[in-house]
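Quick notes on the structure that follows.
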Amino acid sequence: MESVDLTVAALHRSVDDPALNSMNFLNEVAQHYPDAVSLAAGRPYEEFFDSAELHRHLDTFRRHLADDLGLSPAQVDRTLLQYGRTKGIVHHLIARNLAVDEQITVDPEAIVVTVGCQEAMFLVLRALRAGPEDVLLAVAPTYVGLTGAARLVDLPVRPVADGPDGIDLADLRAQLRRARAEGLCPRACYVMPDFANPSGVSMDPAQRRRLLDLAATEDLLLIEDNPYGLFPAGGADRTPTLKALDTRRRVVYLGSFAKTVLPGARVGYVVADQRVAGSDGTVGPLADQLAKIKSMITVNTSPIAQAVIGGALLAHDCSLVAANVRERAAYARNLRHMVDGLARRFPAGGPVRWNVPAGGFFVVVTVPFAVDDALLHRSAREYGVLWTPMAHFYDDGAPVNALRLSVSAVTPEQIDQGLDRLAALVTDELAVPTAPARRPAPA
Ligand SMILES: Cc1ncc(COP(=O)(O)O)c(C=O)c1O
């Protein structure tokens, strides 16, 4: 055996956890089969990228610092090029964006600008995990980045059923009771009320209000993650976010600019306006405590990257709805194309079923056979189409008879090609006798 210096067993147990291997696995499969049509990646459509815009956005933000905030040329340079404020330099623009697009009123001081939404998740979970009795509840299926971040801070994740309304409130109540009866402390419940990844399911306004009421009566924090809310498929109307409805500071809100501006900037944020009493008797927003953690991980989010995002916001009066007219139309068109394409290829009432999300990037297809990583490899190799096994979004390792299709990084023609190939795979699999479905179909 090759000589080694360390074993994985001697490292933090998260590094050998399936949740942390999941993203790498999915990226590697895609790299292995570059010619396959990818209905796997939840990435923005690359034809929308324009590197010339970076310079325009930087200039816009520089002008904003000088003209609107009155900074001298030296101060402008320092703001962009020097180490900077831990909580960020575009917090005021994010607050404006939340007011304009989401009707969320928030003190900019309650915002921490982060290295992607992923860092925001980590900061919140790190802060909430105070002791070994703490657990996190999360609607299952759950974004694997959330599960992975929880692993890094040794915070167990307990699933809550989703259902057609986005969260099964009776199950949430039952999970809370069960955890507390076991002497555990549920610190928060992670939810994605708008076009969830991976399920595509949304919560209607009444369900959101019921969830907020339950959070208040059960003294529970909600972590609302909203990277896809800007992309409804059926018209411009959007449902208010939990944070917009939150009058009791129950909601920690996570935002990402990856889908609405560009993922390469790696800028996201957290709104954490919960009042925290310090050991010195002072009271301030939870954001201040998160900033302390951030100062020991990334020090501050790249001001250059923040300036690009800030310039993009300023270019559209801080409205991402206005900035994404083309993107919103394209993703909505693709989602409809995907759902119509599924209906054309798989007969109604047959063994293949799928949900019809009201927006976002994802559709879940349920089939009467196990969908695992081996099948994904075979799909890519023999049929030339990539998708994501839903098992990656459950935390129990059980087989799942469903796959996630993404509409964001492809053209309608590629959707057709991918679906033709998927249909060929499914036809061949249906000819092989297999075990019955393990999980119910998504709503
Ligand atoms: C639900 C969800 N949350 C967070 C993120 C991560 O966002 P960011 O790229 O800003 O870290 C993603 C990315 O796909 C996501 O799907």
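What you see below is based on every heavy atom in this structure, not just the backbone, and it leaves out hydrogens, waters and symmetry mates. Both counts, for ligands and for their atoms, begin at 1 and track the order of listing. As the structure is a computational prediction, the values presented were derived from the model and not from experiment.
The aromatic ring centroids of F231 and Y228 lie 6.0 Å or more from each other.
With hydrogens and angles ignored, the 3.5 Å screen pairs no side-chain donor or acceptor of S22 with any backbone N or O of A19.
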Enumerate, one pair per line, all nitrogen or oxygen atoms of ligand 1 lying under 3.5 Å from a protein nitrogen or oxygen, stating the separation to 0.1 Å; write 'none' if no such pair exists.
unit_1, atom_1, unit_2, atom_2, d
ligand 1, 3 (N), D225, OD2, 2.6
ligand 1, 9 (O), R266, NH1, 2.8
ligand 1, 10 (O), C117, N, 2.8
ligand 1, 10 (O), S256, OG, 2.7
ligand 1, 11 (O), C117, N, 3.1
ligand 1, 11 (O), Q118, N, 3.0
ligand 1, 11 (O), R266, NH2, 2.9
ligand 1, 14 (O), Y228, OH, 3.4
ligand 1, 14 (O), K259, NZ, 3.0
ligand 1, 16 (O), N197, ND2, 2.8
ligand 1, 16 (O), Y228, OH, 2.6

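Of all the heavy atoms in D101 and C318, the pair that sits closest is OD2-O, 4.1 Å.
Aromatic ring pairs are classed by plane angle as parallel below 30°, tilted from 30° to 60° and perpendicular above 60°; the pair F48 and Y331 is perpendicular.
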Legend entry - E218 and R180: CA distance, side-chain angles, deciding distance, salt bridge (Lys or Arg N to Asp or Glu O under 4.0 Å) verdict: CA-CA 11 Å; E218 294 284 348; R180 286 169 179 157; 2.8 Å; yes

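Contact annotation: the side chain of E119 approaches that of K294 to within less than 4.5 Å [non-hydrogen atoms, C-beta and beyond].
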